[in-house]
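Contents: one structure, followed by commentary.
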Amino acid sequence: MTLAKALNLSLRTALEDDRDVLVMGEDVGRLGGVFRVTDGLQKDFGEDRVMDSPLAESGIVGTAIGLALGGYRPVVEIQFDGFVFPAYDQIVTQLAKLHARSGGTLRMPVVIRIPYGGGIGAVEHHSESPEALFAHVAGLKVVSPSNPSDAYWMLRQAVRSDDPVIFFEPKRRYWDTGAVDPDATPPPLHRAQIVRAGTDLTLVAYGPSVKLCVEAAEAAAADGHSLEVVDLRSVSPVDFDTVQTSVEKTHRLVVVHEAPVFFGSGAEIAARITTRCFYTLEAPVLRVGGHHAPYPPARLERHYLPDLDRVLATVDHSLAY
């Protein structure tokens, strides 16, 4: 099924399994969401469990916090990545801190779903990658699936979490298809996965960039280079152990993400792995990502987003050391 359908099935399963699960957001009910991720849920579960909200992101998250305090497990949708900033105050000053502020007595089982990233030719405020902003905030879990199976299972795990989870959905991958087994045993939510084994260099990515890295590994193989691809899956916390094990084998690391390289999540990965693998690395950790500039108009986004040529050029740079 498509990644979008996998998310829909995951939400449906969560609603069936637990009456305390609620879905809320702009146009998630009657319309079924802009990307149809919530299609049919209001029809089957009713307006008291799948609720259309006003166009007020701060109000959506504030209401979710109140629902969580009342014993519910709300799953809220921010319609597009660039719309989350009116809710940033509620997320950072309230949602992320109530557990610590209460000395552990209060839990915040809230999932905030955010379609993010570029590649769909959208207008301004519709193609942001703000994951590093939330990963910097203690008290939040930040995850992003790259394929339909992970989309299904990671969302189920996020809904079950007693901590708030920012769930970034790579909108350019909504229509990618893959196998989904609802009876499988999934890996832990924050465990990175090696999606392609290799020996010469490690590529680390998450969300929309994982597919690009697999394509880069396939292209590099034609030139005789063996690249290992690690799907990080979780941006906070980060499974540094899996990345370290891979780098200790390949001795080189390139981190790829759509967000700007400047102060991006790749910087933390580079710093940690450089410290952990200082005597193993045969080249500096390199990064590929967006530019430190406002996201451009749709006609120019192909110059902004990492592409196959940029990834392969960086791989060649690393291998040349």
Check against side-chain hydrogen bond (donor to acceptor under 3.5 Å, both in side chains), Gln244 and Arg272: CA-CA 9 Å; Gln244 178 179 345; Arg272 294 288 185 112; over 6 Å; no
Pair Asp231-Ser146, side-chain hydrogen bond (donor to acceptor under 3.5 Å, both in side chains): steps then yes or no: CA-CA 8 Å; Asp231 183 352; Ser146 67; 2.6 Å; yes
Residues Arg287, His257; criterion side-chain contact (heavy atoms from CB on, under 4.5 Å); working and verdict: CA-CA 8 Å; Arg287 293 170 290 156; His257 52 61; 5.6 Å; no
Full working for side-chain hydrogen bond (donor to acceptor under 3.5 Å, both in side chains) between Glu131 and Tyr116: CA-CA 9 Å; Glu131 60 270 21; Tyr116 83 118; 5.0 Å; no
Residue pair Leu286, Val255: steps toward the side-chain contact (heavy atoms from CB on, under 4.5 Å) verdict: CA-CA 6 Å; Leu286 302 178; Val255 186; over 6 Å; no
Met1/Thr177 under side-chain contact (heavy atoms from CB on, under 4.5 Å): CA gap, chis, key distance, verdict: CA-CA 5 Å; Met1 63 180 67; Thr177 59; over 6 Å; no
Lys141 vs Ser236, side-chain hydrogen bond (donor to acceptor under 3.5 Å, both in side chains): CA-CA, chis, key distance, verdict: CA-CA 5 Å; Lys141 296 178 177 179; Ser236 181; over 6 Å; no
Verdict with supporting geometry, Asp18 and Arg160, salt bridge (Lys or Arg N to Asp or Glu O under 4.0 Å): CA-CA 10 Å; Asp18 188 348; Arg160 293 170 182 164; over 6 Å; no
Residue pair Arg36, Leu31: steps toward the side-chain contact (heavy atoms from CB on, under 4.5 Å) verdict: CA-CA 8 Å; Arg36 301 300 186 268; Leu31 180 65; 3.7 Å; yes
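Side-chain polar atoms of Gln42 and Arg49 form no donor-acceptor pair below 3.5 angstrom. For the residue pair Tyr295 / Glu301, a side-chain donor-acceptor distance below 3.5 Å is found, with atom types taken as modelled.
The main-chain N or O of Leu3 is never found under 3.5 Å from a side-chain atom of Asp176 such that the two would form a donor-acceptor pair. When atom types are taken as modelled, the side chain of Asp52 and the backbone of Arg30 share a donor-acceptor pair closer than 3.5 angstrom. The backbone N or O of His225 sits nowhere less than 3.5 Å from a side-chain atom of Asp223 that would complete a donor-acceptor pair. Although no hydrogens or angles enter the test, the distance criterion places a donor-acceptor pair under 3.5 Å between the side chain of Thr38 and the main chain of Val28. The backbone N or O of Ala184 sits nowhere less than 3.5 Å from a side-chain atom of Trp153 that would complete a donor-acceptor pair. A donor-acceptor pair under 3.5 Å is absent between the side-chain atoms of His99 and the main chain of Arg107, judged by distance alone. Ser144 places a side-chain N or O within 3.5 Å of a backbone atom of Phe168 that can act as its donor or acceptor partner. Judged purely by atom type and a 3.5 angstrom limit, Gln157 uses its side chain to pair as donor or acceptor with the backbone of Pro187. At least one donor-acceptor pair closer than 3.5 Å links the side chain of Ser102 to the backbone N or O of Leu98. With Arg233 contributing its side chain and Arg191 its backbone, the two residues share a donor-acceptor pair below 3.5 Å.
You'll find the side chain of Leu67 reaches within 4.5 Å of the side chain of Leu22, heavy atoms only. Annotation: side chain of Leu11 is in contact with side chain of Val75 (closest heavy-atom distance under 4.5 Å). You'll find the side chain of Glu77 stays beyond 4.5 Å of the side chain of Met24, heavy atoms only. Val230 is not listed as a side-chain neighbour of Gln193, based on a closest heavy-atom distance of 4.5 Å or more. Taking the side chain as every heavy atom from C-beta outward, Cys277 and Glu248 approach each other to under 4.5 Å. Phe240 places a side-chain heavy atom less than 4.5 Å from the side chain of Arg276. At a threshold of 4.5 Å between non-hydrogen side-chain atoms, the residues Glu258 and Ser209 count as touching. Under the 4.5 Å side-chain criterion, counting only non-hydrogen atoms from C-beta, Val76 is not in contact with Arg113.
Taking both residues in full, the closest heavy atoms of Asp81 and Pro130 are given as CB-CD, 4.3 Å, listed atom of the first, atom of the second, then distance. Shown here for Ser265 and Val235, the closest heavy-atom pair between the two residues is CB-CG1, 4.0 Å. Scanning both residues, Ala298 and Ala122, for their nearest heavy atoms gives CB-O, 3.8 Å. The two residues Ala270 and Val285 make their nearest non-hydrogen contact at CB-CG1, 3.6 Å. Gly29 and Val50 get closest at one heavy-atom pair: CA-CG1, 4.2 Å. Pro306 and Leu212 make their closest contact through O-CD2, 3.6 Å (heavy atoms, listed as atom of the first residue, atom of the second, distance).
Residue His292 places its NE2 atom among 12 or fewer non-hydrogen atoms of other residues, nucleotides or ligands, all under 6.0 Å distant. Atom CD of Glu47 is surrounded by 12 or fewer heavy atoms from other residues, nucleotides or ligands within 6.0 Å. More than 12 heavy atoms of other residues, nucleotides or ligands lie within 6.0 Å of OH in Tyr304, so this atom counts as buried by the packing criterion. Under a cut-off of 6.0 angstrom, the local environment of CD in Glu124 is sparse, with at most 12 non-hydrogen atoms contributed by other residues, nucleotides or ligands. No more than 12 heavy atoms of other residues, nucleotides or ligands sit less than 6.0 Å from atom CZ of Arg302. The number of heavy atoms from other shown groups lying within 6.0 Å of NE2 (His136) does not exceed 12. Residue-environment remark: NZ (Lys43) stays at or below the threshold of 12 foreign heavy atoms within 6.0 Å.
The distance from atom CG of Leu133 to atom CD1 of Ile166, rounded to the nearest 0.5 Å, is 11.0 Å. In this structure, Asp239 CG and Leu189 CG are separated by 11.5 Å, a value rounded to the nearest 0.5 Å. With values rounded to the nearest 0.5 angstrom, Leu305 atom CG is found 8.0 Å from Ser127 atom OG. One distance of note links CZ of Arg196 with CG of Leu203; it measures 10.0 Å at 0.5 Å rounding. In this structure, CZ on Phe278 lies 10.5 Å from OG1 on Thr280, to the nearest 0.5 angstrom. The OG1 atom of Thr199 sits 8.5 Å away from the CD atom of Glu228 when rounded to the nearest 0.5 Å.
Taking the six-membered ring for Trp and the full ring otherwise, Phe80 and Phe35 have centroids separated by under 6.0 Å. Under the 6.0 Å cut-off for aromatic ring centres, His126 and Phe83 qualify, their centroids lying closer than that. Phe134 and Tyr88 have their aromatic ring centers within a separation under 6.0 angstrom.
Between Arg73 and Asp162 there is a salt bridge, with a side-chain nitrogen of the basic residue lying less than 4.0 Å from a carboxylate oxygen of the acidic one.
By the rule that hydrophobic residues join a cluster once side-chain heavy atoms approach within less than 4.5 Å of another member, Leu9 and Phe167 end up as members of separate clusters. In the hydrophobic clustering of ILVMFWY residues, with side-chain heavy atoms under 4.5 Å counting as a link, Tyr206 and Val143 come out together.
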